[in-house]
2 protein chains.
Amino acid sequence: MKDKIVTLADKLIRVKGFNAFSYKDIADPLSVKNAAVHYHFPSKADLGMAVITEEMQRFQHSVQQWRQLPEDEQLDRLVDVFRKHCYAGNVCLMGSLAPDYETLTPPMQEKINEMAEAIVEWVTACLEQGRKHKRFHFKGAAGDRALLVISNLQSSLLLARVMGPEAFDRIGRQLLEDLRS
Amino acid sequence: MKDKIVTLADKLIRVKGFNAFSYKDIADPLSVKNAAVHYHFPSKADLGMAVITEEMQRFQHSVQQWRQLPEDEQLDRLVDVFRKHCYAGNVCLMGSLAPDYETLTPPMQEKINEMAEAIVEWVTACLEQGRKHKRFHFKGAAGDRALLVISNLQSSLLLARVMGPEAFDRIGRQLLEDLRS
DNA sequence: GTCTATATTCCGATAGAC
DNA sequence: GTCTATCGGAATATAGAC
């Protein structure tokens, strides 16, 4: 049940936003009362923390599985993750929570910071190693390039929601092509 | 008074998000009662529409003023607009409203669509003309490149909120450097 | 145009029974 | 662990006086 709640909360955050969903939106589809949800997650911030923590674990598990691949294929996989979210009508967790950042509890803000650091660190290392192995070609610091890549992926989901999924496809394709050539 | 309300609502949308601010957040700082705000904007969606409309007018007015400049300097100006928002603690309107898109009224969604189309159209034309005049150098279609630029700018503000303003500076600088060289 | 006052609904959260 | 029941508060919105 706890897992079902977190999974559903994750979806709701991505589709409606953290401040726009309620305990009722969790309880009704699971056919329980909102008190049952409060039993597992006393406050909404507790639920938010669990969603972010699970997302970070998913991310670490994924990159762990990709670690034997060439760096450009590792980045392909990351784009695949975003593509799946795009066609599921989701935005990414950062893209949903960052605009609400000022309304969140300090512990949630701290978790979001950690999530951002983790993905920036991984993309930076991926680009750096990939350039060394001649699989990526780009100018400037790998850390700066990583910020560009991450911002492209994040906003591709925001733009896709407004303009349609083609926006994601065009961004994702051009992004990968730029780095490889 | 109507202008004051729209200006304040714009700020609140950018800082807290559309679903996280209330009529009280508008009324209190203006030293009026929430009924006075409802007089000018009967529903919250009416207020949201006015905010988007004013932002679009500001944008059209700006690009009109820039039209005599070289294209790379026009893009500098656009980055300047985002930089000011960054240091004011704001995200851009699209970056705030896109995650909440599914919770908004159809008229608001339509206005957001128009806003997205307008900025994509302008950046595309700017890049296309700039490339023709040898002020920009990039591969691929100008429209695809425009989506990359816009996604960089949008998410630079989201990342800056979480990671600090340096994230914006690094993205903005590398972005402009890529296009010029 | 702004006020007081209120209707209505919903939300997050808790108490206590089972 | 889930339930019923409810508290306290806040939100959007409206009616009617001034």
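Chain A is the first sequence line, chain B the second, and so forth, proteins listed ahead of strands; every chain is numbered from 1.
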How far apart are the C-alpha atoms of Glu54(B) and Arg58(B), what are their side-chain angles, what is the distance that settles it, and do they pass the salt bridge (Lys or Arg N to Asp or Glu O under 4.0 Å) test?
CA-CA 6 Å; Glu54(B) 195 177 88; Arg58(B) 256 195 312 265; 3.3 Å; yes
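Side-chain N or O atoms of Gln109(B) include one that pairs as donor or acceptor with a backbone N or O of Tyr101(B) at under 3.5 Å.
Screening Arg173(A), Arg83(A), Arg135(A), Arg180(A) for a salt bridge (charged side-chain N to carboxylate O under 4.0 Å, His left out) involving Asp76(A) leaves a single residue, Arg180(A).
The span of DNA chain D lying next to chain A, judged by atoms under 4.0 Å from heavy atoms, is bounded 5' to 3' by dG1(D) to dT4(D).
Using cut-offs of 30° and 60° for the angle between ring planes, the Phe138(A) and Phe136(A) rings count as tilted. Taking the six-membered ring for Trp and thresholds of 30 and 60 degrees, Tyr23(B) and His38(B) have nearly parallel ring planes, at less than 30 degrees apart.
Remark: Lys2(B) qualifies as a cation-pi partner of Phe41(B) under the 6.0 Å distance and 45° angle criteria applied to the six-membered ring.
The existence of a salt bridge linking Asp178(A) and Arg145(A) is excluded, since no basic side-chain nitrogen approaches an acidic carboxylate oxygen closer than 4.0 Å. Using a cut-off of 4.0 Å between Lys/Arg side-chain N and Asp/Glu carboxylate O, Arg14(A) and Asp10(A) are scored as salt-bridged.
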Filtered N/O pairs between nucleotides 8-11 of chain C and protein, under 3.5 Å:
residue: dC11(C); atom: OP1; partner: Ser22(A); partner atom: OG; Å: 3.3

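Atom P of nucleotide dG12(C) and atom CG of Asp46(A) are separated by 13 Å, given to the nearest angstrom.
Taking a 4.0 Å limit (strictly below) on heavy-atom distances, residues 35-42 of chain A reaches DNA chain C at Ala35(A), His38(A), Pro42(A).
Residue Lys11(A) qualifies as enclosed at atom NZ: its count of foreign heavy atoms under 6.0 Å is above 12.
The closest side-chain donor-acceptor pair between Ser155(B) and Ser155(A) falls under 3.5 angstrom.
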